[in-house]
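What follows is a structure written as structure tokens; I'll ask about it next.
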Amino acid sequence: MKIYSWNVNSLNVRMPHLETWLGLRVPDVVALQETKLEDHRFPDTALSALGYRSVFVGQKTYNGVAILSREPAREVQIGVPGLEDEQRRVIAATVGELRIVNLYVVNGQDVGTDKYAYKLRWLDAVHAWIAQELQRYPQMIVLGDFNIAPDARDVYDPAVWNEDHILTSTAEREALQRLQALGLHDAYRLHPQAEGEFSWWDYRQAAFRRNLGLRIDLTLISDALRARCTAAGIDREPRTWDRPSDHAPAWVELAD
DNA sequence: ATGGTAGACTTTCTA
């Protein structure tokens, strides 16, 4: 089975892309971020006609996450338990035997800002929650837009995207490493990969054409799933389409 | 020279 994560940057704008792409790839599970839709506007009927069930939580203008699946999702969890957060960034659900945790991690704006402090606090709360969840759900996939590039291989220019820069700063990378230390593996790095593959390119400065990207959309799989993970990658194709999201889907394949 | 593009929806904020 194949599981994808895609930051669509407004599902309202990107629905035609999503519909075309679902038909091309026929994924089993899709985690969406930045839907930017209030729940009453979520296109669950249209997705249902394409063979996908949806669970979702959103808000106007910002944030918003969803899980689409061919099998119905169960045990839906909205947000991080105990974390006061008005921003709709987290949804988790069980699909088959898999616990799917979809994260739209805080961007953080710039190192040292209030938003950066919020990002680090938010990541701490997610860490504490995931540590508990792994006890309940050993077969776990934590995926989404992490807004953190794990290491120098994951940025087009490590001199620019360095230990003092947002998305690559030491504290952000340490927070990601602490999460992985719970027994979660970056599926992309479990397999041979070409150099210079990214999942996000800024809309500005013709960044996609010049491949000035970062790999910030990640799929972390738990120890219990590691042996089943047969491949992982990034689907650049929808980033080449007209009026694209600035992110490309990241995927993993699990053997049955 | 603190830029540039896109989205939501405001004369700006967020990414």
Side-chain angles (χ1 to χ4, degrees), chain A residues 5-21 31-43 46 56-66 79 83-91 102-123 126 143-150 154-157 159-162 164-169 171-173 175-176 198-218 234-250:
Chain A
S5 172
W6 192 8
N7 180 324
V8 292
N9 188 17
S10 171
L11 187 52
N12 192 39
V13 172
R14 225 64 65 199
M15 189 59 180
H17 280 197
L18 179 63
E19 290 179 325
T20 300
W21 178 84
L32 300 177
Q33 304 87 35
E34 283 207 270
T35 55
K36 301 186 179 180
L37 286 178
E38 290 181 291
D39 292 346
H40 70 273
R41 296 188 57 212
F42 194 91
F56 47 87
V57 63
Q59 63 190 97
K60 237 192 266 190
T61 309
Y62 307 118
N63 310 311
V65 284
L83 176 67
E84 293 267 345
D85 192 359
E86 292 175 1
Q87 302 193 12
R88 305 305 199 193
R89 297 180 171 277
V90 176
I91 190 166
N102 179 14
L103 305 179
Y104 174 45
V105 174
V106 176
N107 174 284
Q109 192 172 47
D110 280 307
V111 173
T113 61
D114 289 349
K115 291 191 178 76
Y116 183 74
Y118 165 52
K119 181 177 195 170
L120 297 179
R121 281 199 312 275
W122 191 92
L123 286 165
V126 167
L143 77 175
D145 177 357
F146 278 72
N147 271 316
I148 302 170
D154 302 310
V155 304
Y156 67 89
D157 185 352
V160 172
W161 297 90
N162 62 26
D164 301 317
H165 203 288
I166 195 65
L167 312 188
T168 54
S169 73
E172 290 167 271
R173 282 176 164 166
L176 177 60
F198 307 119
S199 69
W200 170 81
W201 301 260
D202 200 296
Y203 285 121
R204 296 165 285 192
Q205 299 172 316
F208 182 66
R209 182 178 58 72
R210 301 161 65 200
N211 198 32
L212 306 180
L214 273 59
R215 190 174 70 91
I216 56 178
D217 298 272
L218 310 178
I234 297 163
D235 180 8
R236 292 175 84 258
E237 187 181 336
R239 188 64 175 79
T240 68
W241 297 346
D242 284 341
R243 214 178 175 193
S245 168
D246 45 351
H247 294 254

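The structure displayed is predicted, hence computed values, not measured ones.
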(request) Starting at atom CD of A:Glu172, determine the distance to atom P of B:dA15, rounded to an integer number of angstrom. (result)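 Atom-to-atom, A:Glu172 to B:dA15, this comes out as 12 Å.
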(message) Donor-acceptor check, side chain of A:Asn102 to backbone of A:Ala66, threshold 3.5 angstrom: yes or no?
(response)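 Between the backbone of A:Ala66 and the side chain of A:Asn102 there is a qualifying donor-acceptor contact (under 3.5 Å).
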(message) Between B:dA15 and B:dC9, how many Å separate the two C1' atoms, rounded to a whole number?
(response)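 The same atom, C1', in both gives a distance of 16 Å.
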(request) Please state how far atom CG in A:Asp246 lies from atom C1' in B:dA6, giving the value in whole angstrom units. (result)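 Going from A:Asp246 (CG) to B:dA6 (C1'), I get 8 Å.
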(message) Ignoring hydrogens and geometry beyond distance, is a side-chain donor-acceptor pair present between A:Asn63 and A:Arg88 at under 3.5 Å?
(response)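 Result is no, nothing qualifies.
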(request) With sequence neighbours excluded, tell me which residues meet side chain to side chain contact (heavy atoms under 4.5 Å, CB included) with A:Arg236. (result)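 With neighbours one apart ignored, the set is A:Trp201, A:Phe208.
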(message) Counting the benzene-type ring for Trp, do A:Trp161 and A:His165 have ring centres under 6.0 Å apart?
(response)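 Centroid distance A:Trp161-A:His165: below 6.0 Å, so yes.
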(message) Run the side chain to side chain contact (heavy atoms under 4.5 Å, CB included) test against A:Arg243 and tell me which residues pass, sequence neighbours left out.
(response)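 Once residues adjacent in sequence are excluded, the partners of A:Arg243 under the side chain to side chain contact (heavy atoms under 4.5 Å, CB included) criterion are A:Val13, A:Arg14.
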(message) Return whichever of A:Arg14 or A:Gly108 has its heavy-atom-nearest nucleotide of DNA chain B closer to the 5' end.
(response)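 Looking at the nearest nucleotide for each, A:Arg14 comes out on the 5' side.
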(message) Give me the distance, rounded to whole Å, that separates B:dT11 from B:dA1 when you measure between the C1' atoms they each carry.
(response)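 That atom pair is separated by 23 Å.
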(message) Can you measure A:Gln87 atom CD to B:dC13 atom P for me and round it to whole angstrom units?
(response)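 After rounding, the gap between these two atoms is 15 Å.
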(request) Of all the heavy-atom pairs spanning A:Thr35 and A:Phe42, show the shortest one and how long it is. (result)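 Smallest interatomic distance, heavy atoms only, reads CG2-CE1, 4.3 Å.
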Tabulate protein N/O versus nucleotide N/O from nucleotides 2-5 of chain B, keeping only pairs under 3.5 Å, one per line.
residue : atom : partner  : partner atom : Å
B:dG3   : N2   : A:Gln205 : NE2          : 2.9

(request) Using whole Å, report how far CD of A:Gln59 lies from P of B:dC13. (result)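 That distance rounds to 17 Å.
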(message) So, using side chain to side chain contact (heavy atoms under 4.5 Å, CB included) as the criterion, who are the partners of A:Asp202 when residues are at least two apart?
(response)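 A:Asp202 satisfies side chain to side chain contact (heavy atoms under 4.5 Å, CB included) with A:Trp200, A:Arg204, A:Ala207 only.
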(message) Among A:Ile148, A:Val155, A:Val111, exactly one meets side chain to side chain contact (heavy atoms under 4.5 Å, CB included) together with A:Thr168. Which residue is that?
(response)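 Exactly one pass, corresponding to A:Val155.
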(request) Using atom CH2 of A:Trp201 as one end and atom C1' of B:dA15 as the other, report the distance to the nearest whole Å. (result)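 Checked: the CH2 to C1' distance equals 16 Å.
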Write out a two-atom table: protein N or O, nucleotide N or O from nucleotides 8-11 of chain B, distance below 3.5 Å.
residue : atom : partner : partner atom : Å
B:dA8   : OP1  : A:Ser10 : OG           : 2.2
B:dA8   : O3'  : A:Thr61 : OG1          : 3.3
B:dC9   : OP1  : A:Thr61 : OG1          : 3.4

(message) If you assign A:Pro244 and A:Asn147 each to the DNA chain B nucleotide with the nearest heavy atom, which residue ends up on the more 5' nucleotide?
(response)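 Going by which nucleotide is closer to the 5' end, it is A:Pro244.
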(request) Nearest whole angstrom, please: distance from the P of B:dA15 to the CD1 of A:Ile148. (result)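 In whole Å, B:dA15 P lies 14 Å from A:Ile148 CD1.
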(request) Among A:Leu123, A:Asp145, A:Leu143, A:Val90, find the one that has a side chain to side chain contact (heavy atoms under 4.5 Å, CB included) with A:Leu103. (result)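 With A:Leu103 as partner, A:Leu123, A:Asp145, A:Leu143, A:Val90 yield a single side chain to side chain contact (heavy atoms under 4.5 Å, CB included), made by A:Val90.
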(request) Report which part of the nucleic acid A:Phe208 touches: base, sugar-phosphate, or nothing (heavy-atom distance under 4.0 Å, all strands). (result)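 Counting heavy atoms under 4.0 Å across all strands, no contact is made by A:Phe208.
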(request) Could I get the full list of side chain to side chain contact (heavy atoms under 4.5 Å, CB included) partners for A:Gln109, not counting sequence neighbours? (result)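 Listed in chain order: A:Thr113, A:Lys115.
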(request) Take the protein atom CD1 of A:Ile166 and the nucleotide atom P of B:dA15, then report the distance between them rounded to whole Å. (result)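 Roughly 10 Å, once rounded to whole Å.
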(request) Starting from P on B:dT14, measure out to CG on A:Leu167 and report it in whole angstrom. (result)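 So the CG-P distance, A:Leu167 to B:dT14, works out to 16 Å.
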(message) Please give the distance between the P atoms of B:dG3 and B:dT12 as a whole number of Å.
(response)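 Result for the P pair: 14 Å, nearest Å.
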(request) For A:Arg89, report the nucleic acid contact type (base, sugar-phosphate, nothing); a contact means any heavy atom under 4.0 Å. (result)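 Contact class for A:Arg89: sugar-phosphate only.
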